[in-house]
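So you know, we letter chains A, B, ... as the sequences are listed, proteins then strands, and number each from 1. Remember, predicted model here, so these are calculated numbers, not experimental data.
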Amino acid sequence: MPELPEVEVVRRGLKRYVAGRTIKAAEVLHPRAVRRHTTGPEDFVRVLAGAAVNDVRRRGKYLWLPLSTGSVLVGHLGMSGQLLLQPAGATDGPHLRVRLQFSDGGPQLRFVDQRTFGGLAVSPATGPEGLPAELAHIAPDPLSPELDEAAFATALRRRRTNVKRALLDQSLISGVGNIYADEALWRARLHYARPTETLTRPAAVRLLAALREVMTAALAAGGTSFDSLYVNVNGESGYFERGLEVYGRAGRPCRRCGAPIRRDPFMNRSSYICPRCQPRPRRAHW
DNA sequence: CACTCAACCTGCCGGC
DNA sequence: TGCCGGCAGGTTGAGT
């Protein structure tokens with residue numbers, strides 16, 4: 001479940017059902033799922049055995065679980081990863097990659113990932129809040145109190161790129177992916193190709209506000225689920241799809257002005273815009 | 001340093 | 001029916 005609201009839904013589920021429990025045994029069913037664990041699958045299994053899960057934290061699209069051993073279990077869902085709580089007797093699906101059994105004999109935590117872009121790893125807890133070193137380059141996200149509005153506006157306007165590319169750069173602001181970038185740009189009435197250096201400070205601030213609004217609304221709806229790939233820890237879909245204004249709505253009318261929404265190829269993927277509310281930028285802005 | 005692009009995977013859908 | 005290209009909520013590392 002890729003973007004921030006979906007990952008936060010998972011974080012809350014893990015916090016509720018996994019925090020406080022002790023891992024009895026880990027099992028790696030596909031080594032690629034732990035490729036970021038540099039010392040290999042056997043070591044991954046070894047260091048998790050007997051570790052208690054103290055908490056569940058998130059920055060952007062990354063999750064990490066501080067452990068009683070002083071290490072953290074880091075996870076990223078990639079494009080198709082799921083973290084599911086399932087009873088021991090539940091059948092193993094075809095994309096089950098990692099299984100964690102707990103000493104209480106309760107529901108297992110299963111990492112299921114069709115495309116294997118996601119993964120798990122155990123790392124030393126180095127930074128504040130146990131932030132592992134491999135997440136040091138990940139900027140604060142729109143829902144984090146650490147994200148400073150003025151600093152974000154300055155950093156965004158200092159970039160020499162276009163605004164959507166900047167939003168997707170996790171070292172500038174994290175948690176924003178293709179859906180919520182398009183949704184926030186629509187709300188802020190900005191075209192994806194708008195050069196960042198032409199953004200006024202108020203426009204940058206409005207864009208951040210739009211990100212916060214759309215992500216807060218999506219989170220309240222349990223996230224966006226176009227299909228069964230994006231589910232919470234109990235396998236349930238969110239219903240924010242109905243709250244989307246542009247993403248996936250090519251040809252349908254803009255709910256603000258009525259013009260048909262358009263899908264443009266951009267950065268080897270898709271961007272959805274209202275061509276009337278979000279006109280392509282002219283060469284100069286001032 | 002800043003930026004672009006291909007690569008990593010599987011599955012689904014539409015066109016021929 | 002089958003094959004093929006295109007596309008999908010992401011990240012990273014090599015190359016310019």
Side-chain angles (χ1 to χ4, degrees), chain A residues 1-11 29-36 38 58-63 74-83 93-97 111-121 132-139 141-142 155-185 192-193 195-197 211 214-215 218-219 221-232 237-251 263-272:
Chain A
M1 313 204 105
E3 304 185 43
L4 186 153
E6 294 77 34
V7 179
E8 175 61 15
V9 166
V10 171
R11 188 198 69 81
L29 293 98
H30 194 315
R32 190 173 145 77
V34 296
R35 66 193 179 284
R36 301 271 169 210
T38 49
R58 180 190 56 74
R59 175 181 283 215
K61 305 170 197 171
Y62 280 90
L63 294 165
V74 187
H76 195 288
L77 301 172
M79 289 285 270
S80 56
Q82 304 174 335
L83 285 165
H95 306 304
L96 176 63
R97 310 303 186 194
F111 181 63
V112 174
D113 189 6
Q114 175 191 109
R115 294 175 69 184
T116 68
F117 286 179
L120 304 178
E134 62 258 50
L135 271 57
H137 67 108
I138 302 295
D141 60 62
L156 177 66
R157 298 171 67 228
R158 200 154 44 209
R159 291 289 171 112
R160 292 298 173 262
T161 185
N162 59 71
V163 66
K164 183 167 176 184
R165 190 181 289 278
L167 288 184
L168 296 178
D169 181 346
Q170 306 295 301
S171 67
L172 177 69
I173 187 169
S174 70
V176 185
N178 208 32
I179 291 182
Y180 297 105
D182 282 1
E183 294 298 313
L185 289 168
Y192 53 82
T196 43
E197 71 259 40
L211 279 169
V214 71
M215 286 186 166
L219 181 55
T224 300
S225 308
F226 296 118
D227 54 45
S228 57
L229 234 40
Y230 303 96
V231 293
N232 68 15
S237 292
Y239 53 88
F240 192 66
E241 181 182 2
R242 68 187 68 167
L244 298 178
E245 298 287 355
V246 283
Y247 193 90
R249 296 192 67 241
R263 172 192 171 277
D264 288 358
F266 180 68
M267 285 175 67
N268 295 318
R269 47 214 308 201
S270 296
S271 281
Y272 295 88

Just to verify, which of A/L167, A/L156, A/N162, A/L172 counts as forming a side-chain contact (heavy atoms from CB on, under 4.5 Å) with A/T196? A/L156

Could you check whether A/K164 pairs with A/D182 (Lys NZ or Arg NE/NH1/NH2 to Asp/Glu carboxylate O, under 4.0 Å)? yes

Tell me whether the rings of A/Y62 and A/H76 are parallel (<30°), tilted (30 to 60°) or perpendicular (>60°). perpendicular

For atom CG of A/D113 and atom C1' of B/dG11, their distance in whole Å: 13 Å

A/D227 CG to B/dT10 P: how many Å, rounded? 18 Å

For A/D169 and C/dT11, what is the distance between atoms CG and P respectively, to the nearest whole Å? 10 Å

Pick base, sugar-phosphate or nothing for A/F240, based on heavy-atom distances below 4.0 Å to the nucleic acid. nothing

Taking only N and O in the side chain of A/R36, is any of them less than 4.0 Å away from OP1 or OP2 of C/dG13? yes

Paired with C/dT1: which nucleotide, if any, by Watson-Crick or G-U wobble criteria at under 3.5 Å for both distances? none

Scan A/H137 against the nucleic acid and name what it touches under 4.0 Å (heavy atoms): base, sugar-phosphate only, or nothing. sugar-phosphate

ring centroid sep under 5.5 Å plus plane angle under 30, A/F117 with B/dC9: no

Output the rounded distance in Å from CZ (A/R269) to C1' (C/dG10). 7 Å

Whole angstrom value for the distance that separates P of C/dG6 from CG of A/N268: 12 Å

Of the candidates C/dC7, C/dT11, C/dT12, the side chain of A/Q170 sits closest to C/dT11

Let me know the distance between CE of A/M267 and C1' of C/dC7, rounded to the nearest Å. 16 Å

Taking NZ from A/K61 and C1' from C/dT12, how many angstroms apart are they, rounded to a whole number? 13 Å

Out of C/dA8, B/dG11, C/dG10, minimum distance to the side chain of A/R115 belongs to C/dA8

Spacing of A/D182 atom CG relative to C/dA8 atom C1', expressed in whole Å: 14 Å

Can you figure out which of B/dC3, C/dT11, B/dC9 approaches the side chain of A/T161 most closely? B/dC3

Please pick, from B/dG11, B/dC3, C/dA8, the nucleotide with the shortest atom-to-atom distance to any side-chain atom of A/R160. B/dC3

Candidate nucleotides B/dC9, B/dC3, C/dG13, ranked by approach to the side chain of A/T116 - the nearest: B/dC9

What distance, rounded to whole Å, do you find between the two P atoms, one in C/dA14 and one in B/dC9? 16 Å

By nearest heavy atom, map A/R32 and A/R159 onto DNA chain B; which one lands nearer the 5' end? A/R159

Checking B/dC9, C/dA8, B/dT10 against the side chain of A/H95 (C-beta onward), the nearest is B/dT10

Are A/D113 and A/R32 ion-paired here, with the side-chain N under 4.0 Å from a carboxylate O? no

Can you find a heavy atom in the side chain of A/P5 that is under 4.5 Å from one in the side chain of A/F240? no

Using OP1 and OP2 only, check whether a side-chain N or O of A/R263 sits under 4.0 Å from C/dC7. yes

Taking any heavy-atom pair under 4.0 Å as a contact, classify A/Y180: base, sugar-phosphate, or nothing. nothing

Is the side chain of A/Q82 donor-acceptor paired with the backbone N or O of A/S228 at a distance under 3.5 Å, no angle test? yes

